[in-house]
Amino acid sequence: QELVAIPQPKPKPIVGNLPELDADKGVFRFVELAEQYGPIFRLQLLNRKLVVVQSQELVDELCDEERFDKELNAPLRNVRDFAGDGLFTAWTDEPNWQAAHRILMPAFGPASLRDMFDGMADIAEQLLLMWERRGPEHRIDVADDTTRLTLDTIALCSFSHRFNSFYAERMNPFVESMVRALVESGARAGRLPGQELLMRGTRKQYAADKELMHRVADQLIADRREHPLPEGRHDILDTMLTATDPKTGARLPDENVRYQLVTFLIAGHETTSGLLTFTLHELLRNPDVLAKAQAEVDRVLGTEAPRFEHLSGLGYLDQIFKESLRLWPTAPAFAVTPRADGTVLGGRYELDRDDTLLVVAPGLHRDPAVWGADAETFDPERFSFERAEMLPPNAWKPFGNGQRSCIGRGFALQEATLFLAMLLQRFDISAADPDYQLKIKQTLTIKPEGLYLHARRRDVRI
Ligand code: HEM
């Protein structure tokens, strides 16, 4: 096959293809551009270049870890300024990534997830009790409440710390700082060199936000050193502070533990609350799916309090989350870079060694060659056992790829499944605004904005 140039919109002087982007549409703008330029195109954004890829055929190649490695694209490099060499923003060849990966992977494995079940149920119970007390007329702010849920859950399950977000009017200051810092990390990637120097207020706010996040993390570490857990109890923070790398025998440096804490608080809740919010949105506009989900919960849980053993019986809920992550992957992109010079993609596109290739999941997950002409339709049957088996490799990538894929995948799905099961067991839900049109708020993650629901207690005694 002959080499061909990667398509690119005509660049303007200095800004290049920056005018092609649209802050309101965010990552979905890349999906639009694919209609015009195809499943692979190049963009010149100020002084950096990006190759955007959105077909299963090409992404499948990018997932070959012998040929490609995770790249920190511009927004992620900015996040590294406050998340340091924590797992998410570390380079694969950094010794701290490898050590933390070896130490922390088992801490999120099946045995640990079983131990975390009670903590997850504890926080879910708090939220559902609040909904019940507020009554069926209350307008539930879905994104806000699920953000409190997931923040409190990751903090309790991994650090044995209670943020008690449901007892506070305002969102936890850590979340406010984190959201602002994430927005700023994205915005910086699109600014002209030197532009920041003029933005004194923004810089000051960013510095304060970074400082607050580090202070919260350092405080958690100091508290733990002063008050160790009782004999026989363990959590992730313990593992971070005391476990030794099975390969080198070394512990994680204190500064690295701080960065892991910030990383887990960020990565551990923003995406999962987005998943729950998108899923509830889809359930509200697909009554047949909602009814089927509730029937499964009634069959598996009945009137029993949820137990770990129930989870494996909730296969349809799992299909719902997979389909939700297909259409609305809440961490919507990840980047890779070729390991060698002269790498050729798809037998025809020659890449530079310093190219950043962005896998845009909302585009990949709508590839008509895989998902058909009705790719926009929400249909959990796509993930029935028989049909999921037929999917080609690397067609569904909401958790990233290979050794750099999400460490919290099992955690997130267990938390989401348990919460949805408890919710449907106790409540009938309905849209507070039946005409709600999906509006997506984008930071580094995506989340529906302005979604409200009503929850009416069902007549079940648990
Ligand atoms: C990595 C998605 C929940 C912790 C990733 C990546 C994606 C992702 C796409 C790869 C990023 C890249 O290649 O640059 C999600 C989604 C979640 C979720 C969609 C929920 C639905 C969680 C939770 C935790 C977590 C609950 C913590 C308990 C991490 C960490 C990494 C990561 C630490 C970096 C792993 C490494 O490179 O070693 N996640 N995530 N995530 N995620 Fe998640």
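Whatever order the structure lists ligands and atoms in, that order sets their numbers, starting from 1.
- Taking the ring centre of Trp371 as origin, the terminal cationic atom of Arg326 falls inside the region bounded by 6.0 Å and 45° from the ring axis.
- In Ile154, the part holding a heavy atom less than 4.0 Å from any atom of ligand 1 is the side chain.
- Judged by distance alone, the side chains of Ser324 and Thr279 do bring a donor and an acceptor atom under 3.5 Å apart.
- Between Lys397 and ligand 1, a contact under 3.5 Å exists for no N or O pair.
- Of all atoms in ligand 1, numbered sequentially from 1 with element shown, those under 4.0 Å from a heavy atom of Phe411 are 26 (C).
- Because its NZ or CZ atom is both nearer than 6.0 Å to the ring centre of Tyr316 and within 45° of the ring axis, Lys292 counts as a cation-pi partner of that residue.
- The shortest distance between side-chain heavy atoms of Leu261 and Ser158 does not fall below 4.5 Å.
- A search for side chain to side chain contact (heavy atoms under 4.5 Å, CB included) contacts involving Ala34 returns Phe41, Gln54, not counting sequence neighbours.
- By the 4.0 Å heavy-atom criterion, Phe108 is counted among the residues contacting ligand 1.
- One finds no salt bridge joining Arg353 and Glu71 here, because no Lys/Arg side-chain nitrogen approaches an Asp/Glu carboxylate oxygen to under 4.0 Å.
- Nearest non-hydrogen protein atom to atom 13 (O) of ligand 1 is Phe334 CB, 3.4 Å.
- Asn78 pairs by the side chain to side chain contact (heavy atoms under 4.5 Å, CB included) definition with Ser185, Arg188, Ala189, not counting sequence neighbours.
- Taking CZ of Phe334 as the start and CG of Leu72 as the end, the distance is 13.5 Å to the nearest 0.5 Å.
- For ligand 1 and Ser405, the ligand atoms under 4.0 Å from any heavy atom of the residue are 35 (C).
- Counting heavy atoms closer than 4.0 Å to ligand 1, residue Ala416 contributes nothing at all.
- For ligand 1 and Thr330, the ligand atoms under 4.0 Å from any heavy atom of the residue are 19 (C).
- Applying the 4.0 Å criterion to heavy atoms of Pro398 picks out, from ligand 1, the atoms 2 (C), 9 (C), 19 (C).
- Atom numbering of ligand 1 starts at 1 in the shown order; those under 4.0 Å from a heavy atom of Trp97 are 36 (C), 37 (O), 38 (O).
- Considering only non-hydrogen protein atoms, atom 14 (O) of ligand 1 sits nearest to Lys70 NZ, 2.7 Å.
- Under a cutoff of 6.0 Å and an axis angle of 45°, Lys70 and Phe88 form a cation-pi pair.
- Taking only nitrogen or oxygen atoms, main chain and side chain alike, Arg404 reaches within less than 3.5 Å of ligand 1.
- Here the two rings, on Phe264 and Phe411, have centers that are 6.0 Å apart or farther.
- For Pro287, there are no side chain to side chain contact (heavy atoms under 4.5 Å, CB included) partners at least two apart in sequence or on another chain.
- Around atom 43 (Fe) of ligand 1, protein atoms of type N, O or S found under 2.8 Å number 1.
- Taking 4.0 Å as the cut-off between side-chain N and carboxylate O, Asp354 and Lys49 count as a salt-bridged pair.
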